[in-house]
Amino acid sequence: MKTVTLNPLLRRFENAVKIGVRKKIRLPRWATAVALLLIMPILAFHGYIAWTLGRPAIAPLLSNPLEAIGLSYEDVTFPSANGRSSLNGWYIPGESQETVVFSHGYGANREESWVPMYELAKALNRMQYNVLMFDYGFVQPGRVVTGGIQETQELLGAISLAKTKGAQNVFVWGFSMGAGTALQAALVTKEISGMILDSTYLLDPDTLYMNVKQHVDLPRFPSLSLIRFFFPIFNGVSLSQVPTHDVKTTHYELPIYLIHSKQDSKADYQLIQELYDNQPDHEKTRLWLVPNSKHELIYRSHKKEYMLRATSFLKSLTQGAR
């Protein structure tokens, strides 16, 4: 996407407002009308960004586990924990009482081909794990992304489904915003036995601005404030409801493997480093920082090492369970 520069116009607007406030200038009606004509396109543009953030373009499902990797599966439908949404997914049975729930990212569905999710599901099935692949509600027409607020309730619903199918241990394998959602879910449930979090994306102000600026060259002020103002108007939830502070400062009791790249341009690795440093037990919480991969493409660029690390982590959590 071509970068659009609005800095000069916004800066002139900001300076005019500051001068007007400082000098308490009373504008004539015609000047007020002109000012409104200048302001309205700016407001509309930021409103459009907020509207678009809640409605990413998502490709339809292209296959299924049987066609893609030769594994039998069950179509499942289940409610979110708060009952506000109904989710669809695939349950791939294994030969154990351990289930891995995949938590896909923003702008993706349960297949998330760029990871790719099918390959991971097949590897887990060979290790006898049950696998649950499901779509977050925002995949459905007319639904919106909430930065993990409603998605957390949907992930809790997926975990509940895994439990009803006999899982003694449920592990969440999250990607991007799906990883950030997993951290939010772990704040409110003890039903997660462990998590692998790849390219964790938390929708805090810094991350939001970093991603918007990659497409449109906007100044942090007033653009970030305007986008955050319009987000609840168009999407029904405020980004201030995302518990980023709690996620960053909580001492998680469950084992977590954080996988991230120092070259991640969508989710700054320093946030993940901060999260890791805040955990008191680094035997339980692990961190693998890759120097040169892109967002969510660590598996593709380090396939053997990635699978060795991830599966070794899972095995360490289930050695006494089987």
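One-based numbering along the sequence shown.
Ring geometry, H104 versus F138: the interplanar angle exceeds 60°, so the pair is classed perpendicular (tilted spans 30 to 60°).
Without hydrogens or angle criteria, E111 side chain to M133 main chain gives no donor-acceptor distance under 3.5 Å. Looking at N278, its side chain does come within 3.5 Å of a backbone N or O of T249 through a donor-acceptor pair. Within the 3.5 Å criterion, the main-chain N or O of S265 finds a donor-acceptor partner in the side chain of Q214. A distance-only check finds a donor-acceptor pair linking the side chain of Q241 to the backbone of S238 [under 3.5 Å]. Checked by atom type and distance alone, the side chain of K163 pairs as donor or acceptor with a backbone atom of Q168 at under 3.5 Å. Of the possible polar contacts, one joining the T164 side chain to the L161 backbone as a donor-acceptor pair under 3.5 Å is found. Distance alone, capped at 3.5 Å, places no donor-acceptor pair between the T189 side chain and the A185 backbone. Side chain of N235 to backbone of F231: a donor-acceptor contact under 3.5 angstrom is found. Checked by atom type and distance alone, the side chain of S225 never pairs as donor or acceptor with a backbone atom of F221 at under 3.5 Å. Q273 places no side-chain N or O within 3.5 Å of a backbone atom of Q270 that could act as its donor or acceptor partner.
Annotation: side chain of H260 is not in contact with side chain of D198 (no heavy-atom distance under 4.5 Å). L287 is listed as a side-chain neighbour of I272, based on a closest heavy-atom distance under 4.5 Å. Taking 4.5 Å as the limit, every side-chain heavy atom of L62 sits out of range of all side-chain heavy atoms of S113.
Heavy-atom neighbours of H245 NE2 from other residues, nucleotides or ligands within 6.0 Å: at or below the threshold of 12. Heavy atoms of other residues, nucleotides or ligands lying less than 6.0 angstrom from NZ of K284 number more than 12. Within a 6.0 Å sphere centred on CZ of R84, other residues, nucleotides and ligands contribute 12 heavy atoms or fewer.
Under 4.0 Å is where a charged nitrogen must lie from a carboxylate oxygen, and between R143 and E151 no such pair does. The residues E296 and K266 are annotated as not salt-bridged, no charged nitrogen and carboxylate oxygen being separated by less than 4.0 angstrom. A salt bridge links K303 and E119; the closest N-O separation between the charged side-chain nitrogens and carboxylate oxygens is under 4.0 Å.
Under the salt bridge (Lys or Arg N to Asp or Glu O under 4.0 Å) criterion, K248 pairs with D204, not counting sequence neighbours.
N130 and Q97 share no donor-acceptor pair across their side chains, judged by distance under 3.5 Å alone. A donor-acceptor contact closer than 3.5 angstrom links the side chains of H46 and S223. Between T318 and E98, the side chains place no donor N or O within less than 3.5 Å of an acceptor N or O (distance only, hydrogens not considered). There is no side-chain donor-acceptor pair under 3.5 Å between D264 and Y201. Remark: the S293 side chain and the Q263 side chain contain no N/O donor-acceptor pair separated by less than 3.5 Å.
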Salt bridge (charged side-chain N to carboxylate O under 4.0 Å, His left out), that's the test. Do D281 and R286 meet it? Break it down for me. CA-CA 9 Å; D281 186 351; R286 307 179 191 178; over 6 Å; no
With side-chain hydrogen bond (donor to acceptor under 3.5 Å, both in side chains) as the criterion, how do T285 and Y257 come out once you've worked through the C-alpha distance, each side chain's angles and the decisive distance to 0.1 Å? CA-CA 6 Å; T285 303; Y257 200 161; over 6 Å; no
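Taking the centre and axis of the six-membered ring of W90, the NZ or CZ atom of R110 falls inside the cone set by 45° and 6.0 Å. Cation-pi contact between R220 and Y209: present, with separation from the ring centre below 6.0 Å and deviation from the ring axis of at most 45°.
Taken together through direct or relayed side-chain contacts under 4.5 Å among Ile, Leu, Val, Met, Phe, Trp and Tyr, V144 and L53 form parts of separate hydrophobic clusters.
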